[in-house]
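This report concerns only the one structure given below.
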Amino acid sequence: MKVVAFDFSQDFTGVRVLMRSALNAPIERGVVTNTYRIYESIKTIRKLAHGGAKTVVCGHIGRKATDSLLPVWEILKKEIGPSVLFASDVIGKDAQTKVANLKNGEVLLLENTRREPGETNNDYSFAQKLSSFGDVYINDAFADSHRSHASIIGVPTFLKHFAGPHFIQEMEGIAPAQHPPSPSFAIIGGAKFLTKEPLIQTLLDRYDQVFIGGALANDFFAAQGHEVGRSLVSFNTNAKEFLINSKLLLPSDVVIDSPEGKVVREVDEIEPRDMVLDVGPKTIQALKAHIEKSRFILWNGPLGNFEKGFSEGTEEVAKYVAAAKATSVIGGGDTIAAIENLQIRTHFTHVSTAGGAMLQFIADGTLPGIEALKESS
Ligand code: ADP
Ligand code: MG
């Protein structure tokens, strides 16, 4: 079985479409601070609405079940219009009533799916109830499809299911990164130790060179026996095993936050009260040289704590990758947010809204959400 793309050329007037979108945008004080992921979802929602479907959109937001999709609704209303409604629950009274009254061309956004405990443990009866809101199911949430959650893998067992256009774009855009042409270079940063470290081995197998930066590098410094001070470290890793691999590259200097302000230090000079927050200038120059001689570049994860102003490493590297002749696949919610202001998004071959899902798809060649779309319902 193959993943089947939803056919927008057919007449779907009045068809109830239950769509899973990637809506998990960063929110601060009730306002969405980076809209890239939502705009990608909106393109598909708008197509369905214009075609006269009764579109029910579901997705998750934040880490806590109490987090709300209301700020995302504000954006959908602004972009698509007042025909976008909101249900204050997922499968409760409000959602049921609003689904039943949905008119052709209207869109109903359901509240954060993770408010239902059945979402994360893929509960059968939750998936069944959610499925009752649609005649067909579309998964357009590639970025969430590494999760075996009800709205990703449970619902398609009940409904005729399709991949949305953004989902297909992601699969096709990321696929070349699975087996890149030489010389290939992977740059991995960020802070999601548990998600990313298991994938480093696969990247070392398939790429000519793998650079580890961001907070992830701190684990490697610790494994090398260096002082890491007050830096963010997981201390729960196999970093040591990778150190012997000559393809592995680490920062040689770092930017730390000290009482005197930003200070650059060699990695073996980090002091107990230091906090490593970015890669240093020598490291950036070394990265530049690797980027310029590569034919293929994969990049996920900011190289520093950019939210707090430690953004130089990330921004410089972004500019070098953007200017390079290489094919470039970059992704990650925070990575995209970090380079938003540079306005260089169109200079990469593929920009994925996915971070963890992108890396898992590169390593495994598939995702739970992809497998669920292949099975017959
Ligand atoms: P992505 O969303 O792009 O996949 P992650 O979610 O893995 O990236 O990590 C992003 C986070 O990593 C950001 O919040 C950033 O501040 C943080 N980060 C990167 N480097 C450091 C560092 N040296 N110390 C603390 N946090 C860091
Ligand atoms: Mg992130």
Q: Show your reasoning for whether salt bridge (charged side-chain N to carboxylate O under 4.0 Å, His left out) applies to Arg37 and Glu40.
A: CA-CA 5 Å; Arg37 195 175 264 183; Glu40 288 301 312; over 6 Å; no
Q.
Between Arg345 and Glu340, is the salt bridge (charged side-chain N to carboxylate O under 4.0 Å, His left out) condition met? List the steps.
A. CA-CA 8 Å; Arg345 208 150 55 204; Glu340 179 79 2; 3.0 Å; yes
Do [X] and [Y] have side chains that get closer than 4.5 Å, going by heavy atoms?
| X | Y | answer |
| --- | --- | --- |
| Leu199 | Ile362 | no |
| Phe221 | Glu227 | no |
| Asn122 | His149 | no |
| Glu119 | Ser151 | yes |
| Thr283 | Ser252 | yes |
| Thr44 | Phe167 | no |
| Arg16 | Leu102 | no |
| Tyr39 | Glu79 | yes |

Distance-only side-chain donor-acceptor flag, [X] / [Y], under 3.5 Å:
| X | Y | value |
| --- | --- | --- |
| Glu170 | His350 | yes |
| Glu375 | Thr157 | no |
| Glu28 | Thr33 | no |
| Ser9 | Asp7 | yes |
| Lys47 | His50 | no |

Roughly how far, to the nearest 0.5 Å, is [atom2] of [Y] from [atom1] of [X]?
| X | Y | atom1 | atom2 | value |
| --- | --- | --- | --- | --- |
| Asn104 | Lys54 | CG | NZ | 5.5 Å |
| Ile153 | Ser145 | CD1 | OG | 10.5 Å |
| Leu159 | Ser132 | CG | OG | 8.5 Å |
| Ile291 | Ile187 | CD1 | CD1 | 4.0 Å |

Q: Would you sort out whether Arg20 and Cys58 count as a side-chain contact (heavy atoms from CB on, under 4.5 Å), showing the intermediate values?
A: CA-CA 5 Å; Arg20 179 60 162 89; Cys58 66; 3.8 Å; yes
Q.
Listing request: all ring pair (Phe, Tyr, Trp, His ring centres under 6.0 Å) pairs with a residue in residues 70-125, at least two apart in sequence or in separate chains.
A. Trp73-Phe86, Tyr124-Phe158
Kindly say whether [Y] contributes a backbone atom to a donor-acceptor pair with the side chain of [X] at under 3.5 angstrom?
| X | Y | value |
| --- | --- | --- |
| Ser258 | Glu260 | yes |
| Arg115 | Ala65 | yes |
| Asn300 | Gly331 | yes |
| Glu271 | Arg273 | no |
| Thr349 | Val329 | no |
| Asp123 | Phe126 | yes |
| Asp253 | Lys282 | yes |
| Asp135 | Val15 | no |
| Thr327 | Phe296 | no |
| Gln209 | Ala186 | no |

Q.
Less than 4.0 angstrom from a charged side-chain N to a carboxylate O is my criterion; do Lys288 and Glu292 meet it?
A. yes
**Q.** Electrostatic pair Asp67:Arg63 at N-O distance under 4.0 angstrom
**A.** no
Q.
Membership question, hydrophobic clusters at under 4.5 Å side-chain separation (ILVMFWY): are Trp299 and Phe306 in the same one?
A. no
Q) Hey, is NZ on Lys374 packed in by over 12 heavy atoms from elsewhere, all under 6.0 Å? A) yes
Q.
A quick test of your reading: do over 12 heavy atoms of other residues, nucleotides or ligands sit less than 6.0 Å from CD of Gln178?
A. yes
Q.
List the residues meeting side-chain hydrogen bond (donor to acceptor under 3.5 Å, both in side chains) with Asn112, not counting sequence neighbours, and say none if there are none.
A. none
Q | Identified salt bridge (Lys or Arg N to Asp or Glu O under 4.0 Å) counterpart of Arg265 within the set Asp278, Asp257, Asp274 | A | Asp274
Q: Would you check, one step at a time, whether the test side-chain contact (heavy atoms from CB on, under 4.5 Å) holds for Val56 with Leu18?
A: CA-CA 5 Å; Val56 179; Leu18 175 63; 3.8 Å; yes
Q | Tyr207 six-ring centre to Lys247 NZ/CZ under 6.0 Å and within 45° of normal | A | no
